[in-house]
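For reference, the structure is listed below as C-alpha cells.
Residue numbers run from 1 in the order of the sequence given.
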Amino acid sequence: LASDALVSAASLTVGAVANASDNSSFVAMPAETPIRDVLLLITGRSEGGESRKVRRVPIVNDSGEVLHVLSGLSLLDILMRYLKPIAAMKSISARRFDQRKTIA
C-alpha cells in the first residue's frame, strides 16, 4: 500500500507537483530566455496579456533537465551583487564627464 503510493508519487511530473496547491503556476523556461521575460513573468506582467501567479521559474536545458530555479528572491540577490559595480561605473563616468573641457 505504501509502496504503491510511493510509485504513484514518483511517476508524477514536476509540473503536477509544483501545481498541487494550485497557488501558483509552473512555467519552465529555456536557458536562452532573456532575464527580462523571467522578470515580467514573476511580476505578473508577462507579454501576451495573460496574468498568472508565478513565484518560481525553472530554467531547463534542451533535454528538459532543470538547471536552476529562479525566484523573485534569487533575482534580487543577483541585482544586489551588481549594484556596487554599477554605482562605481556611474561614478567613474560622472567624474570623466566633469573633467571635460568642452561640451561637444
Side-chain angles (χ1 to χ4, degrees):
L1 186 61
S3 63
D4 291 340
L6 191 56
V7 169
S8 178
S11 67
L12 292 171
T13 64
V14 174
V17 173
N19 289 331
S21 67
D22 203 32
N23 285 331
S24 66
S25 297
F26 175 85
V27 180
M29 299 187 115
E32 298 79 27
T33 302
I35 196 73
R36 179 182 188 277
D37 293 351
V38 176
L39 286 168
L40 288 171
L41 187 63
I42 288 175
T43 59
R45 300 179 184 146
S46 62
E47 295 170 1
E50 187 178 343
S51 177
R52 312 185 249 192
K53 196 185 221 181
V54 176
R55 296 187 181 170
R56 291 168 194 88
V57 178
I59 305 302
V60 297
N61 64 14
D62 293 337
S63 304
E65 296 171 339
V66 176
L67 303 172
H68 190 75
V69 178
L70 289 174
S71 67
L73 185 60
S74 63
L75 293 169
L76 283 173
D77 181 50
I78 292 167
L79 177 65
M80 293 303 292
R81 278 192 243 161
Y82 289 98
L83 281 179
K84 287 181 183 178
I86 289 170
M89 287 187 287
K90 284 183 180 179
S91 175
I92 291 168
S93 177
R95 280 183 289 192
R96 283 195 180 136
F97 181 78
D98 290 342
Q99 292 173 0
R100 289 177 24 172
K101 294 184 178 154
T102 61
I103 297 178

What distance separates Asp37 CG from Glu32 CD, expressed to the nearest 0.5 Å?
12.5 Å

Return yes when atom CG of Asp77 has more than 12 non-hydrogen atoms of other residues, nucleotides or ligands closer than 6.0 Å, and no otherwise.
yes

Output a table of donor-acceptor pairs, distance under 3.5 Å, between side-chain atoms of residues 65-72 and any protein atom two or more places apart or on a different chain; print 'none' if there are none.
residue : atom : partner : partner atom : Å
Glu65   : OE1  : Asn61   : ND2          : 3.1
Ser71   : OG   : Leu73   : N            : 3.4
Ser71   : OG   : Ser74   : N            : 3.2

Tell me, with the steps shown, if Ile42 and Val57 meet side-chain contact (heavy atoms from CB on, under 4.5 Å).
CA-CA 8 Å; Ile42 288 175; Val57 178; 3.9 Å; yes

Thr33 vs Ile59 side-chain heavy atoms within contact, under 4.5 Å
no

